[in-house]
Amino acid sequence: MTAKVLVVDDEPALARALAINLRAHGWEVVVAGDGRGALEAASTHHPDVVLLDLGLPDMDGTEVIAGLRGWSKVPIVVLSARQHGEDKVEALDLGADDYITKPFAMNELLARLRAALRRGATPEPEQTRVEVGALVVDLARKKVSRRGEDVRLTPTEWAFLELLARHLGRLVSREQVLREVWGPGYEDETGYLRVYAAQLRRKLEDDPAHPRHLVTSPGLGYTLEP
């Protein structure tokens, strides 16, 4: 079975050269030239591995990593001219599987892609849209709509909703929400949860005082009920 790689690079000549070389070595190749195109291509084509440049015209490559990791476990190999150790650490912390600096040898790149594929091959494409009553949560595009109308969320509101959507129908503990949305060290700041849960309910529920979908289990956590 041919493996599929999504190449994300805004340099047309390099992207074309990579595509030619990868196809010559038996890969199926999809190319995207910016971050939004990368996220859409990932949700449409379900690649087996992503080869990602960090310097994109519309968003930083680290935002693409974060966007993918919101709904997908696809292996991500970063290909970047950035030599700073902090950039590598940030990319790996966000969920990248490997990091290669430019210039690079093609045989090394192929070996890294094969290794990432072996480590992280997933048997089924991940779910990118979660439907909850009148709500549609699009994890790939980081959008939510209610009865067909887009709902504007703050980045923190989205992170809260995204976490619950990825665990649809399952209880997510207060500590996990605080840790994943606000970061380590915030596990005791439960006041944040009440404020943001109330904000989400005002935007998403028909009757915020009697929520049907964003349900609180007192003292335990939150569930997005389908």
Side-chain angles (χ1 to χ4, degrees), residues 35 38-39 42-43 50 52 54 59-78 84-99 116 119-120 122 124-133 135-144 151-205 208 211-226:
L39 293 172
S43 66
V50 175
L52 173 68
L54 294 183
M59 65 176 73
D60 194 81
T62 55
E63 296 179 78
V64 177
I65 297 172
L68 287 171
R69 284 294 172 258
W71 58 273
S72 175
K73 296 178 182 177
V74 62
I76 301 171
V77 176
V78 171
H84 299 297
E86 310 89 73
D87 294 317
K88 182 174 183 178
V89 169
E90 182 182 10
L92 294 172
D93 278 346
L94 286 168
D97 297 87
D98 203 350
Y99 193 104
R119 288 195 302 268
T122 52
E124 297 178 357
E126 296 87 351
Q127 184 177 9
T128 62
R129 284 166 56 92
V130 175
E131 296 189 18
V132 181
L135 303 174
V136 176
V137 184
D138 191 327
L139 297 170
R141 294 174 177 82
K142 289 185 171 288
K143 290 183 177 181
V144 59
V151 179
R152 296 180 66 87
L153 299 182
T154 69
T156 302
E157 289 169 349
W158 168 259
F160 195 162
L161 179 63
E162 178 187 56
L163 177 60
L164 299 183
R166 285 193 282 117
H167 296 81
L168 185 65
R170 290 178 285 161
L171 177 70
V172 182
S173 71
R174 297 183 304 175
E175 293 78 14
Q176 182 178 354
V177 176
L178 287 164
R179 183 172 60 252
E180 294 199 23
V181 176
W182 280 273
Y186 284 83
E187 287 89 343
D188 296 326
E189 302 291 343
T190 54
Y192 291 1
L193 297 176
R194 291 189 292 273
V195 170
Y196 279 88
Q199 290 175 189
L200 282 172
R201 288 179 178 128
R202 282 195 293 271
K203 294 181 178 183
L204 303 177
E205 296 277 4
R212 294 180 55 201
H213 301 301
L214 207 167
V215 178
T216 302
S217 298
L220 297 175
Y222 296 85
T223 306
L224 188 62
E225 290 287 359

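Residues: numbered from 1 along the sequence shown.
- For the pair Arg69 and Asp97, the salt-bridge criterion is met [side-chain N within less than 4.0 Å of a carboxylate O].
- For the atom pair CD (Glu63) and CG (Leu68), the distance works out to 12.0 Å, reported to the nearest 0.5 Å.
- Remark: Lys143 NZ is loosely packed, at most 12 non-hydrogen atoms of other residues, nucleotides or ligands lying under 6.0 Å away.
- Ring planes of Tyr222 and Phe160: perpendicular class, angle over 60° (limits at 30 and 60°).
- In this structure, the separation between CG on Leu164 and CG on Leu171 is 9.5 Å, given to the nearest 0.5 Å.
- When all heavy atoms of Val77 and Ala116 are compared, the pair lying nearest together is CG2-CB, 3.8 Å.
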field: Steps toward side-chain contact (heavy atoms from CB on, under 4.5 Å) verdict (Leu163, Leu224)
entry: CA-CA 9 Å; Leu163 177 60; Leu224 188 62; over 6 Å; no
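- Closest non-hydrogen pair, Arg212 versus Glu205, comes out as N-OE1, 3.1 Å.
- Residues Glu225 and Val215 come closest through the heavy atom pair CG-CG2, 3.7 Å.
- Of the inter-residue distances, the one linking Tyr99 atom OH with Leu54 atom CG reads 5.0 Å to the nearest 0.5 angstrom.
- Residues Glu157 and Val144 have side chains not in contact (no heavy-atom distance under 4.5 Å, counting atoms from C-beta outward).
- Contacts classified as side-chain hydrogen bond (donor to acceptor under 3.5 Å, both in side chains) and involving residues 168-178 (residues at least two apart or in different chains) are given here: Gln176-Glu180.
- To the nearest 0.5 Å, atom CZ of residue Arg141 and atom CH2 of residue Trp71 are 9.0 Å apart.
- Counting only heavy atoms from C-beta outward, the side chains of Val78 and Ile65 approach each other to under 4.5 Å.
- The minimum heavy-atom distance between Glu162 and Lys142, with the atom names listed, is OE2-NZ, 3.4 Å.
- Of all heavy-atom pairs spanning Thr156 and Val181, the tightest one is CG2-CG1, 3.9 Å.
- By the 4.5 Å heavy-atom criterion applied to side chains, Leu204 and Leu161 are counted as neighbours.
- Heavy-atom neighbours of Asp93 CG from other residues, nucleotides or ligands within 6.0 Å: above the threshold of 12.
- Considering all non-hydrogen atoms of both residues, Gly61 and Leu52 come closest at O-CD2, 3.5 Å.
- Atom CD of Glu189 and atom CZ of Arg194 lie 10.5 Å apart (nearest 0.5 Å).
- Here the OG1-CG distance, from Thr223 to Leu214, works out to 9.0 Å after rounding to the nearest 0.5 Å.
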